[in-house]
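Working notes for the structure below.
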Amino acid sequence: MRRVNILLGGPKTEYPDELSQSIKAIPGPWAGADRGGLYLLENGIIPEIAIGDFDSISKKEQKLLRENVPDFKKFPPEKDDSDSELCLLAAREKFNAQEYYVYGATGGRIDHFLINLFLPFDPRFLDFYDKLYYKSGTNTIRFFRPGRYTVYHENSMKYIAFVNLGPVTHLNIYDAKYKLDDFSAGHPVSWASNEFLSETIDFSFQSGIVAVIQSKDKN
């Protein structure tokens, strides 16, 4: 399967505009983590998966999910994984897709943001962390393995940061506002507040993991 969409249970104010404007036009099946599954039902979409501890919704709402979602799983709040981790793993097991678009994951609580940012170091995600595409109303995050890439400007998100998660060698940023030539570091470094000069930015590196974060001001 090409694409799977995952909606997390963060505040609706952190969802990107495309969810409120044309969610039914987004291709691919859906999975919902915690309140995300309920939001999908409210918008006329039956998710293939609803998973989480559901501590933020009522028993009546949980019953609605249980009766309508083909794959419903409830976990106790005292669990080892976050709802987003559980949902990602369940979606990978069910669909084995080429891309996983994760909505609402990056703009809420800082602990949730950090859990999602450092997923590439969890052994369970090693084979598909570079297939993840996180989107919220103010940020997008993608992860890259060594190679050369072109990143496309996301809507009004004019800012871009390259974050090396752990050691990275020979990082080059070719055509952003602030270029970088053959940089290597043995520890995490964030190159924040870079900007697009055109619709694309090319970059490359030889080893490590790089997170690319596009963002915009909230107002």
Side-chain angles (χ1 to χ4, degrees), residues 1-75 82-109 112-113 116 119 128-143 151-158 199 212-219:
M1 181 171 292
R2 175 67 183 176
R3 169 176 173 162
V4 172
N5 305 297
I6 295 171
L7 185 59
L8 303 187
K12 293 181 183 179
T13 54
E14 299 298 342
Y15 290 165
D17 292 341
E18 62 203 83
L19 261 66
S20 58
Q21 294 173 353
S22 57
I23 187 170
K24 287 186 177 181
I26 297 173
W30 283 88
D34 197 72
R35 182 178 289 276
L38 186 64
Y39 182 84
L40 291 168
L41 285 183
E42 291 171 350
N43 283 272
I45 295 174
I46 299 177
E48 294 289 329
I49 298 169
I51 195 167
D53 53 36
F54 302 105
D55 59 352
S56 63
I57 65 176
S58 68
K59 290 185 178 179
K60 182 178 179 180
E61 291 168 329
Q62 292 179 40
K63 184 174 183 289
L64 183 66
L65 285 169
R66 186 180 293 108
E67 291 176 345
N68 286 277
V69 178
D71 193 352
F72 175 89
K73 290 188 177 69
K74 181 178 179 180
F75 288 80
S82 68
D83 290 337
S84 58
E85 289 173 303
L86 291 171
C87 196
L88 276 168
L89 292 169
R92 191 266 302 271
E93 182 177 354
K94 187 178 186 70
F95 298 109
N96 192 27
Q98 297 178 41
E99 297 176 322
Y100 297 82
Y101 280 68
V102 186
Y103 291 94
T106 70
R109 287 168 42 184
H112 290 172
F113 171 80
N116 292 314
L119 274 185
F128 80 116
Y129 69 78
D130 56 337
K131 299 178 180 179
L132 305 181
Y133 191 170
Y134 288 106
K135 301 193 73 173
S136 74
T138 52
N139 301 284
T140 68
I141 300 178
R142 293 184 65 189
F143 303 103
V151 178
Y152 293 86
H153 186 199
E154 288 276 342
N155 299 323
S156 57
M157 296 184 183
K158 68 175 183 178
E199 290 301 308
V212 175
I213 304 175
Q214 293 190 45
S215 59
K216 66 179 179 179
D217 296 321
K218 288 194 174 183
N219 297 320

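Being a predicted model, the structure only gives us computed values, none of them experimental. Computation of the quantities below employed the complete heavy-atom set of this structure, encompassing side-chain atoms and omitting hydrogens, waters and symmetry-equivalent molecules. Numbers here simply count residues along the sequence, with the first being 1.
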Report the distance from atom NZ of Lys74 to atom CG of Asp55, rounding to the nearest 0.5 Å. 9.0 Å
Answer yes or no: is there a side-chain heavy-atom contact under 4.5 Å between Ile46 and Pro70? yes
Using only atom types and a distance under 3.5 Å, with no angle test, would you say the side chain of Tyr100 pairs donor to acceptor with the backbone of Tyr129? no
Of Ser84, Ser56, Ser82, the residue whose pairing with Asp34 passes side chain to side chain donor-acceptor pair (under 3.5 Å): Ser56
A side-chain contact here means heavy atoms from C-beta on lying under 4.5 Å apart; do Leu119 and Leu132 qualify? yes
So, do Leu19 and Lys135 sit near enough that their side-chain heavy atoms are less than 4.5 Å apart? no
Does the plane of the ring in Phe54 sit parallel, tilted or perpendicular to the ring in Phe72? Use 30° and 60° as the thresholds. parallel
Is there a side-chain contact between Leu41 and Pro47 in this structure, where contact means two heavy atoms from C-beta onward sitting under 4.5 Å apart? yes
Trace of the side chain to side chain contact (heavy atoms under 4.5 Å, CB included) decision for Asp71 with Glu48: CA-CA 6 Å; Asp71 193 352; Glu48 294 289 329; over 6 Å; no
Value for CZ (Arg35) from CD (Gln62), rounded to nearest 0.5 Å, stands at 10.5 Å
Out of curiosity, Ile6 CD1 to Phe95 CZ, how far, rounded to the nearest 0.5 Å? 9.0 Å
So, taking the atom named CZ in Phe128 and the one named CZ in Phe143, what distance separates them when rounded to the nearest 0.5 Å? 11.0 Å
Quick one: do Ile51 and Phe75 satisfy side chain to side chain contact (heavy atoms under 4.5 Å, CB included)? Show the steps, please. CA-CA 8 Å; Ile51 195 167; Phe75 288 80; 3.6 Å; yes
Work out which heavy atom in Ala31 is nearest to a heavy atom in Cys87; give both atom names and the distance. CB-SG, 3.8 Å
Pick out which of Arg3, Lys131, Arg142, Arg2 makes a salt bridge (charged side-chain N to carboxylate O under 4.0 Å, His left out) with Glu99. Arg2
Please confirm whether Tyr39 and Tyr103 have ring centers closer than 6.0 angstrom. no
With a 3.5 Å distance limit and no angle check, can you tell me whether Asp83 reaches the backbone of Leu8 through a side-chain donor-acceptor pair? no
Kindly determine whether Asn139 and Ser215 satisfy side chain to side chain contact (heavy atoms under 4.5 Å, CB included), including the steps that lead there. CA-CA 4 Å; Asn139 301 284; Ser215 59; 3.3 Å; yes
Within the 4.5 Å heavy-atom criterion, are Val102 and Asn116 side-chain neighbours or not? no
Taking everything shown except Glu42 itself, do over 12 heavy atoms lie less than 6.0 Å from its CD? yes
Evaluate the criterion side chain to side chain contact (heavy atoms under 4.5 Å, CB included) for residue pair Tyr101 and Ile26; output intermediate values, then yes/no. CA-CA 10 Å; Tyr101 280 68; Ile26 297 173; over 6 Å; no
Are Val4 and Pro29 close enough that some pair of their side-chain heavy atoms sits under 4.5 Å apart? yes
Just how far is it from atom CD1 of Ile23 to atom CG of Asn43, taken to the nearest 0.5 Å? 5.0 Å
